[in-house]
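Heads up: numbering here begins at 1 and tracks the sequence.
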Amino acid sequence: MDTKHLLRIVGYKIIPYRNKKTGAPEEIRLAQTIVTSDSVEKGQQVLVGELMMPKLLWDTRPNFSALGKVLNRKYGKATAG
């Protein structure tokens, strides 16, 4: 069954680092999120965690909400996509 998720961004954590190849300063932006899903089989579930945000979405403001398929679990963290 296709499950839809309600994603709410409540804040960001920014992790600065240096690029190993170029030495240039860069950053990773993690969105602090609350994800709610509803399904007939499992009922309502609430997940709290972090999503690694692609640069295209860095201007997304906290308190943003979206409905759709947003979770792709990888290495214990959720990634947008």
Side-chain angles (χ1 to χ4, degrees):
M1 179 170 197
D2 192 25
T3 303
K4 298 289 183 184
H5 299 91
L6 176 63
L7 168 71
R8 185 169 156 225
I9 297 174
V10 294
Y12 287 101
K13 178 168 50 172
I14 298 172
I15 303 171
Y17 70 96
R18 290 219 172 260
N19 185 305
K20 288 183 180 180
K21 290 183 180 179
T22 65
E26 296 189 20
E27 63 184 36
I28 295 173
R29 189 171 294 205
L30 299 174
Q32 308 293 309
T33 62
I34 300 171
V35 180
T36 307
S37 66
D38 263 323
S39 71
V40 175
E41 298 86 25
K42 296 181 182 179
Q44 185 180 36
Q45 293 184 309
V46 178
L47 303 170
V48 176
E50 298 174 330
L51 289 174
M52 186 180 301
M53 298 296 286
K55 287 186 180 183
L56 176 68
L57 298 176
W58 277 14
D59 292 332
T60 305
R61 303 247 186 254
N63 294 323
F64 170 80
S65 295
L67 181 63
K69 291 173 62 176
V70 295
L71 295 182
N72 175 18
R73 292 246 176 234
K74 184 177 182 181
Y75 307 115
K77 294 208 178 200
T79 56

Ignoring hydrogens, what is the shortest heavy-atom contact between Val10 and Thr33? Give both atom names and the distance. CG2-N, 4.5 Å
Could you go step by step and tell me if Ile34 and Val46 meet the side-chain contact (heavy atoms from CB on, under 4.5 Å) rule? CA-CA 7 Å; Ile34 300 171; Val46 178; 3.9 Å; yes
Of all heavy-atom pairs linking Leu30 and Met52, the shortest is CD2-CA, 3.7 Å
Can you name the side chain to side chain contact (heavy atoms under 4.5 Å, CB included) partners of Leu56, sequence neighbours left out? none
Of all heavy-atom pairs linking Arg18 and Pro25, the shortest is NH1-CD, 3.3 Å
Under 4.5 Å between any side-chain heavy atoms of Val35 and Leu6, yes or no? no
Side-chain contact, heavy-atom cut-off 4.5 Å: Leu51 with Leu7? yes
Under the rule for side-chain hydrogen bond (donor to acceptor under 3.5 Å, both in side chains), what residues qualify as partners of Asn19, not counting sequence neighbours? Glu26
Which value, rounded to the nearest 0.5 Å, describes the distance between Ile9 atom CD1 and Met53 atom CE? 4.0 Å
Residues two or more places apart in sequence or in another chain: which of them pass side-chain hydrogen bond (donor to acceptor under 3.5 Å, both in side chains) with Gln32? Glu50
